[in-house]
Amino acid sequence: MINKTTGIATAFAVLMSTGSVLHAADVEVLHWWTSGGEAAALNVLKEDLASQDIGWVDMPVAGGGGEAAMTTLRARVTAGDPPTAVQMLGFDIQDWAEQGALGNLNDVAEAEGWADVVPEALQAFSKYDGNWIAAPVNVHSTNWVWANKAILDELGIAQPTTWQEFVAALQAVQDSGKVALGHGGQAWQDATIFDGVVITAGGPEFYKQAFIDLDIDALGSETMVEAFNRMDTLRGFVDDNFSGRDWNLASAMVINGEAAFQLMGDWAKGEFLNAGKVPGEDFLCFRMPGTEGSVTFNSDQFAMFDVSDDDAKAAQAAMAASIMSPTFQSAFNVVKGSVPARTDVPDTDFDDCGKKGMVELAEAAEAGTLMGSMAHGHANRAAVKNAIYDVVTAHFNGEYDAETAAEELANAVEGAM
Ligand code: BGC
């Protein structure tokens, strides 16, 4: 028989023991981490949140670079049903903040001292109007080469250090009958390559003039023509089936020994690791020859949408705190291929590519050659980025010659500004 007092006590005990369930809601997370390596990294995050009783509702939208995810996001927001947390890049975060759609993470940011450990270059995107609106989970960079070591050894090719040596290496692979460059013909992948190629043609100052300052003369200059000429050169080294191929399938070509090189951001390393490959033994990672010293970065951040429900707000804050913890930043980025978004995370658990990435990031920041990736939304807003994508991909597919492409690039950017 239950008397009144015991009943109340029991109800209280239930409330206490299920407190975390009552107070922390689920987070619905929209993201584009759907490849094997990305999913492995996402699991680190899911498990970390699960250990704190934060439930995960998955909203994956496949498509590298996140364009498809951003389209889905717009539809969800228009329907009045935004997800709680969204993987986002650079200027997209600022756009949503400007529209007043994002929540405020100041309390957790202050309590955990984010301002002291998140580099200024990332804070520029995580804060809007002085308020924290997103939590950075990593720093990726786009000007990397991934190479199959066995192919290079077999053909006696040394790691190229200049653009000319790189072209010679690609030629030697092609002459051997293998695919020189594993590439997927999608606009964002063409643009990813262009980040680095523009630096090989004109150096970091030119990259800044063209993509950060949107200097129309630089965009239409002879140096830009040279960058497009170099894209033509690369186009000569892809296989016949490159059109529309996903980036992770291009990585797989290098992993399986079908192709020698891939030009891709360091999320590609996640694919190599996921396939059990070891840096330095099975594959090599190095900066696109001719871009050493420069780093074109992008940072995945989780932007939190403005929600009214207190439980949902608590879950967002808990997720943000979790993402920013140094142990999580190490565990996650070791798998993802990126480097931590905090400056105080030890490199102990990172492989050689990760260690190199961390050193080069710090050096580039110091030298003023750490630059936002045009291809991944860290150089300018989506309208300008998309205008650049259109020209770069049309040229890569033979619609324009290099001269016309540079002219079109200047026009397209001017029209989108
Ligand atoms: C993101 C990476 C992701 C890649 C390919 C980039 O924009 O920053 O996290 O792995 O796209 O999907």
Side-chain angles (χ1 to χ4, degrees), residues 29-46 59-73 85-93 121-122 125-126 134-144 146 182-196 244-252 254 262-275 285 295-303 323 328-329 332-341 353-354 357 361 371-382 385-386 388-389:
V29 185
L30 192 153
H31 64 87
W32 63 94
W33 286 335
T34 56
S35 75
E38 290 173 330
L42 192 72
N43 265 337
V44 178
L45 176 57
K46 278 184 189 168
M59 180 72 201
V61 182
E67 270 183 293
M70 290 304 104
T71 306
T72 301
L73 174 63
V86 180
Q87 177 195 356
M88 239 186 241
L89 295 174
F91 280 97
D92 288 340
I93 306 173
L122 301 196
F125 298 107
S126 331
V137 68
N138 64 15
V139 187
H140 272 302
S141 53
T142 58
N143 57 323
W144 285 103
W146 307 93
H183 179 64
Q186 296 175 343
W188 76 271
Q189 291 188 60
D190 301 339
T192 299
I193 291 185
F194 201 53
D195 272 355
R245 176 188 288 137
D246 285 333
W247 67 273
N248 53 315
L249 299 181
S251 302
V254 179
Q262 183 186 22
L263 300 169
M264 189 42 63
D266 41 13
W267 47 90
K269 192 184 78 179
E271 299 305 302
F272 285 84
L273 299 182
N274 197 46
C285 58
V295 172
T296 43
F297 81 97
N298 62 299
S299 162
D300 291 303
Q301 308 213 9
F302 280 96
I323 284 173
F328 172 78
Q329 290 261 335
F332 176 86
N333 287 306
V334 158
V335 180
K336 184 69 173 69
S338 35
V339 304
C353 298
L361 180 72
M371 301 169 294
S373 156
M374 173 280 293
H376 293 265
H378 281 67
N380 21 69
R381 293 186 184 247
K385 178 186 88 169
N386 292 334
I388 299 175
Y389 271 27

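Counting begins at 1 with the first residue of the sequence. One-based numbering, in listed order, for ligands and for the atoms of each. In what follows, every heavy atom counts, from backbone to side chain, and hydrogens, waters and symmetry copies are set aside.
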Side-chain donor or acceptor of Glu271 paired with backbone N/O of Ala252 under 3.5 Å: no
For atom 1 (C) of ligand 1, what's the nearest protein heavy atom and its distance? Asp300 OD1, 3.3 Å
Do any N/O atoms on Trp188 end up under 3.5 angstrom from N/O atoms on ligand 1? no
Quick check: does Trp267 get an N/O under 3.5 Å from an N/O on ligand 1? no
Show the atoms of ligand 1 that are less than 4.0 angstrom away from any heavy atom in Trp247. 5 (C), 12 (O)
Report the nearest protein non-hydrogen atom to atom 10 (O) of ligand 1: residue, atom name, distance rounded to 0.1 Å. Glu38 OE2, 2.4 Å
Can you list the atoms of ligand 1 that are under 4.0 Å from a heavy atom of Gln87? 9 (O)
Heavy-atom distances under 4.0 Å are what count here, so tell me which part of Asn298 touches ligand 1: side chain, backbone, both or neither. side chain
What protein heavy atom lies closest to atom 6 (C) of ligand 1? Include the residue and the distance to one decimal. His376 ND1, 3.5 Å
Looking at every heavy atom in both His31 and Val29, which two are closest together, and how far apart are they? CD2-O, 3.5 Å
Can you check whether Asn138 has an N/O within less than 3.5 Å of an N/O in ligand 1? no
Is the side chain of Asp300 donor-acceptor paired with the backbone N or O of Val137 at a distance under 3.5 Å, no angle test? no
Is Gly65 close to ligand 1, meaning an N/O of one under 3.5 Å from an N/O of the other? yes
Examine ligand 1 and decide if any of its atoms is less than 4.0 Å from a heavy atom belonging to Gly66. no
Under 4.0 Å to a heavy atom of His140 - the qualifying atoms of ligand 1, by number: 2 (C), 8 (O), 9 (O)
Please say which of His376, Gln186, His183 ends up in a side-chain hydrogen bond (donor to acceptor under 3.5 Å, both in side chains) with Thr192. His376
Look at the side chain of Trp32 and the backbone N and O of Ala68, then say whether any donor-acceptor pair between them is shorter than 3.5 Å. no
Where Lys269 and Cys353 come nearest, the two heavy atoms and their spacing: CD-CB, 3.7 Å
I want to know whether Phe332 and Trp33 have ring centres closer than 6.0 Å. yes
Before giving the answer on side-chain hydrogen bond (donor to acceptor under 3.5 Å, both in side chains), spell out for Ser338 and Asp266 the whole-Å C-alpha distance, their side-chain angles and the decisive distance to 0.1 Å. CA-CA 6 Å; Ser338 35; Asp266 41 13; over 6 Å; no
Check: Trp247 main-chain N/O paired with Gln262 side-chain donor or acceptor under 3.5 Å: yes
So the atoms of ligand 1 within less than 4.0 Å of a heavy atom of Leu89 turn out to be 7 (O), 8 (O)
For ligand 1, which atoms have a heavy atom of Lys336 less than 4.0 angstrom away? 2 (C), 3 (C), 9 (O), 10 (O)
